[in-house]
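Only this structure's heavy atoms are used, side chains among them; waters, hydrogens and symmetry mates stay out.
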Amino acid sequence: MSGTTTAAVRPRPRAAGAGANRWVVLVVLCVSLLLVALDATVLHVAVPAVTEDLRPGAIELLWIVDVYPLVCASLLILFGTLGDRIGRRRVLLLGYGLFGVASGVAAFAQSAEILILARALLGVGGAMIMPATLSILRQVFPNRRERALAIGIWSAVAAVGAAVGPLLGGFLLEHFWWGAVFLVNIPLMLVSLPVGRTLLPESRGEQSGPWDVTSALMAAGGLFGVVLGVKRLGGGEAPASAFTVLPLLVGAVLLLFFVRRQRRLPHPLVDLRTFRRPAFSTSVGCIVLAMLALVGLELIAAQYLQLVLGLSPLQTGLRLLPLTVAAMASGLAGARMLRRFGPRRMVCAGFLLTATAVLTLTAMGATDNAPLLLCGFLLLGFGLETTLFGAYESMLSECPADRAGGAAAIGETSYQLGAGIGIALLGSVMNAAYAPGLRSVPGVSQHTSDAAGHSLGEAYDIAGRLGGGAGAALRRAARDSFVHGLHVTLLVSAGLLLLGAVMALRLPRIMHCPQSTAAVELPAPREVAESRVSA
């Protein structure tokens with residue numbers, strides 16, 4: 001039998017300490033997730049420092065921030081399904097190595113172009129790591145109750161990464177240069193590679209037929225084109241521009257042909273029949289909407305705390321800490337909440353709680369209101385994690401175990417796609433609401449006002465060069481316009497979250513736990529290899 005999976009290994013008699021192996025695997029997978037989560041958030045507090053040092057243009061700055069989720073989202077299906085074929089651990093370890101190398105390149109980048117390239121390579125590494133962690137988790141925890149607990153721990157670690165990222169970034173920025181925020185990945189890689197090679201079991205899906213390279217490339221190209229087009233719209237490009245319309249059209253056509261090809265193939269890369277299951281398709285949609293509504297807000301919030309309230313990067317990280325602490329608490333309590341309330345009520349309540357938090361934050365102004373921010377961030381973190389936990393658990397439980405890599409890739413693609421489009425969409429809303437407030441500042445020319453309308457940081461730089469009354473007026477107008485734009489963006493996000501609450505009504509009312517599903521005992525990696533050779 002080819003392609004032996006961990007789930008296919010016969011259970012052994014229990015001995016002292018039996019059952020511990022899969023929890024050790026969970027620890028290693030959580031370290032992998034921590035690495036990716038750190039890189040996703042650590043850059044947010046460093047954006048002002050990167051802008052000051054490398055002087056990127058508005059589009060280049062968007063690329064620096066957004067190229068990671070763009071590339072990652074484009075390649076998740078490719079590497080997720082590849083892991084089902086050649087081995088998930090193998091793809092994960094290759095991702096570790098690439099992530100470490102790309103982190104070193106990013107840390108010492110001397111130009112915006114080099115940093116963008118390094119961030120793109122980090123996206124490739126992340127695309128190899130993320131679906132592998134979820135698919136291995138799906139394999140080693142076949143029992144839904146245990147898997148829900150494992151996903152809760154897994155998601156809590158993601159929240160830890162989100163919490164540690166801004167704090168660590170703020171600390172490093174106060175003592176070193178901005179490139180140090182990327183160097184933190186390298187020690188984790190040096191530990192993860194040998195530990196992962198030793199402890200993680202190899203597994204493959206029980207699938208016949210060749211791996212469809214053409215479909216994988218079509219999916220990657222289609223996702224890249226669609227997100228690139230939306231990203232250019234978010235960067236302020238004209239909707240009728242050829243460089244905006246062309247990627248969107250090419251991406252949409254490629255995805256259309258990808259879907260048609262999957263329907264015709266006897267052994268498709270992605271089994272589209274899975275989307276006929278309401279729980280699976282609804283979970284994917286909920287993940288997209290949650291990230292679409294919220295990921296851009298984290299970047300805008302970091303800019304608000306630093307540029308409007310004048311907090312240091314470390315202080316900014318501390319202010320954002322309640323959000324991620326609440327998310328950790330929700331992740332750890334997620335399994336119990338899911339059993340008690342069921343996926344439908346849990347995800348719907350998460351969306352409503354998050355929308356309440358977003359509406360609460362519309363009371364933010366040009367002056368500091370620490371209690372308001374604390375309350376808003378606590379509600380935001382708990383609500384968001386509740387939503388994502390319920391959606392991810394339902395999605396994974398609906399997919400066949402032998403296609404865990406592809407299903408995990410779909411889930412992570414929806415996450416990253418929502419994140420990439422969210423930054424572009426909410427950034428576009430923010431720019432549209434921010435720029436008009438600078439068009440009639442006394443003593444400031446139209447050309448100067450247009451330049452200041454690109455970003456709040458650029459407006460502050462121009463105001464500093466102008467000096468005098470005109471400079472003070474421009475700085476005040478830019479700050480007030482940014483706060484107005486933030487309020488508009490929050491209202492748009494609340495609308496998207498309410499739409500997600502309506503969508504969540506299609507999820508199952510209760511959590512189904514088949515009694516026949518038993519936990520699988522994992523042998524050591526060496527025994528897995530020996531069983532495959534003997535087979």
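- In this structure, CG in L323 is found 4.5 Å from CG in L380, a value given to the nearest 0.5 Å.
- Between V101 and L121, every side-chain heavy-atom pair lies at or beyond the 4.5 Å cut-off.
- Nearest heavy-atom pair, V347 versus A391, reported as atom, atom and distance to 0.1 Å: CG2-N, 3.7 Å.
- Looking at S283, its side chain never comes within 3.5 Å of a backbone N or O of S394 through a donor-acceptor pair.
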Subject >> Chi angles and distances behind the side-chain contact (heavy atoms from CB on, under 4.5 Å) call for V124, F79 >> reply: CA-CA 9 Å; V124 177; F79 287 119; 4.0 Å; yes
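- Residue pairs satisfying the ring pair (Phe, Tyr, Trp, His ring centres under 6.0 Å) criterion with at least one member in residues 323-345, sequence neighbours excluded, are absent.
- Note: L193 CG to L92 CG = 9.0 Å, rounded to the nearest 0.5 Å.
- Nearest heavy-atom pair, G123 versus V71, reported as atom, atom and distance to 0.1 Å: C-CG1, 4.0 Å.
- With R90 contributing its side chain and G83 its backbone, the two residues share no donor-acceptor pair below 3.5 Å.
- Distance check: L338 CG to E393 CD gives 5.0 Å after rounding to the nearest 0.5 Å.
- Taken to the nearest 0.5 Å, the OG1 atom of T354 stands 12.0 Å off from the CG atom of L289.
- At a threshold of 4.5 Å between non-hydrogen side-chain atoms, the residues V259 and R263 count as touching.
- The side-chain heavy atoms of V105 and L117, taken from C-beta on, include no pair separated by under 4.5 Å.
- Remark: F182 CZ to S103 OG distance equals 8.0 Å, nearest 0.5 Å.
- For the pair T387 (side chain) and F351 (backbone), a donor-acceptor distance under 3.5 Å is present.
- Using a 4.5 Å heavy-atom cutoff, the side chains of S215 and F258 are in contact.
- Minimum interatomic distance between G100 and I186 (heavy atoms only, all atoms of both residues): O-CG1, 3.9 Å.
- Residues A220 and L75 share a closest heavy-atom pair of CB-CD2, 3.9 Å.
- Between the side chain of R119 and the main chain of V67, no donor-acceptor pair closer than 3.5 Å is present.
- Here the side chains of M337 and S330 are in contact, with some heavy-atom distance below 4.5 Å.
- For the pair L115 and A106, the tightest heavy-atom approach, listed with the atom from each and the gap, is CD1-O, 3.8 Å.
- Here the CZ atom belonging to R345 is positioned 9.0 Å from the CZ atom belonging to R340, to the nearest 0.5 angstrom.
- Here the closest non-hydrogen pair linking T282 and A504 is CG2-CA, 4.3 Å.
- Note on residues 108-141: pairs passing ring pair (Phe, Tyr, Trp, His ring centres under 6.0 Å), not counting sequence neighbours, are W23-F141, F108-W177.
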Original post:
Would V213 and L217 count as a side-chain contact (heavy atoms from CB on, under 4.5 Å) if you check the C-alpha gap in whole Å, the side-chain angles of each, and the deciding distance to 0.1 Å?
Top reply: CA-CA 6 Å; V213 180; L217 294 177; 4.0 Å; yes
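- For the pair L353 and T386, the minimum side-chain heavy-atom distance is 4.5 Å or more.
- Two residues are said to be in side-chain contact when any heavy atoms from C-beta on lie closer than 4.5 Å; M128 and F99 fail this criterion.
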